[in-house]
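Keep in mind that this is a model prediction, so the values were computed, not measured. The first residue of the sequence shown is numbered 1, and numbering continues consecutively from there.
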Amino acid sequence: MRDRLVVEFGLDEHIARHGIDIEEVFEVFHSKHVRSGAHSRRIRIIGQALAGRYLTLIVGKRSPSRFALVTARDADESERRLFRRRQRR
């Protein structure tokens with residue numbers, strides 16, 4: 001079963017304040033990405049949108065294959081390095 005990402009009403013406006021389009025979020029979520037733990041039972045997803053932009057998504061797990069977006073932002077340099085290093089494996 002393919003993982004699903006749920007975006008609550010109004011959250012697209014929140015991430016737009018970070019300069020991120022909701023389509024970029026879905027591109028990262030549904031492409032090769034790196035997952036790691038984050039604070040408060042959240043998961044950090046690092047990936048690259050089709051245009052080449054590196055993003056970090058913070059999601060909460062709703063069920064084994066369903067996640068809810070909490071926020072999204074540009075990935076920092078250490079996150080980009082982690083993504084590139086794990087993609088080489």
(request) With R42 as reference, evaluate V70, V59, T71 under the side-chain contact (heavy atoms from CB on, under 4.5 Å) test and give the passing residue. (result) V70
(request) Go through F83 and Q48 one step at a time and tell me if the side chain to side chain contact (heavy atoms under 4.5 Å, CB included) criterion holds. (result) CA-CA 9 Å; F83 175 77; Q48 193 172 18; 4.0 Å; yes
(message) Do R2 and H30 make a side-chain contact, defined as non-hydrogen atoms from C-beta onward lying under 4.5 Å apart?
(response) yes
(message) If I compare all heavy atoms of I46 with all of A75, which pair ends up nearest, and what's the gap?
(response) CG2-CB, 4.4 Å
(request) Evaluate side chain to side chain contact (heavy atoms under 4.5 Å, CB included) for I45 paired with F67, printing each intermediate quantity in order. (result) CA-CA 11 Å; I45 295 175; F67 298 84; 5.6 Å; no
(request) Flag the pair R73 / E79 as yes when at least one side-chain heavy-atom distance between them is below 4.5 Å, and no otherwise. (result) yes
(message) For the CZ atom of R81 and the CZ atom of R84, what is their distance to the nearest 0.5 Å?
(response) 7.5 Å
(message) Please list all pairs meeting salt bridge (Lys or Arg N to Asp or Glu O under 4.0 Å) that have one or both residues in residues 20-35, counting only residues at least two apart or in different chains.
(response) D3-R35, E24-R53
(message) Please determine whether residues V28 and I43 belong to a single hydrophobic cluster, defined as Ile, Leu, Val, Met, Phe, Trp and Tyr linked transitively by side-chain heavy-atom distances below 4.5 Å.
(response) yes
(message) Please report the interatomic distance CG(D74) to CG(L55), rounded to the nearest 0.5 Å.
(response) 6.0 Å
(request) Considering non-hydrogen atoms only, spot the tightest contact between L57 and V25 and give its length. (result) CD1-O, 3.8 Å
(message) Over 60° means perpendicular and under 30° means parallel, so tell me whether H14 and H18 are parallel, tilted or perpendicular.
(response) perpendicular
(message) Working to the nearest 0.5 angstrom, can you tell me the gap between L69 CG and F29 CZ?
(response) 9.5 Å
(message) Between F26 and V7, is there a side-chain heavy-atom distance shorter than 4.5 Å?
(response) yes
(message) Restricting to non-hydrogen atoms, name the atom on R44 and the atom on T56 that form the minimum distance, rounded to 0.1 Å.
(response) CG-CG2, 3.5 Å
(request) Apply side chain to side chain contact (heavy atoms under 4.5 Å, CB included) to I22 and L11, showing your working. (result) CA-CA 9 Å; I22 195 68; L11 196 59; over 6 Å; no
(message) Taking I58 as the starting point, is it possible to reach L5 by hopping between hydrophobic residues whose side chains are less than 4.5 Å apart?
(response) no
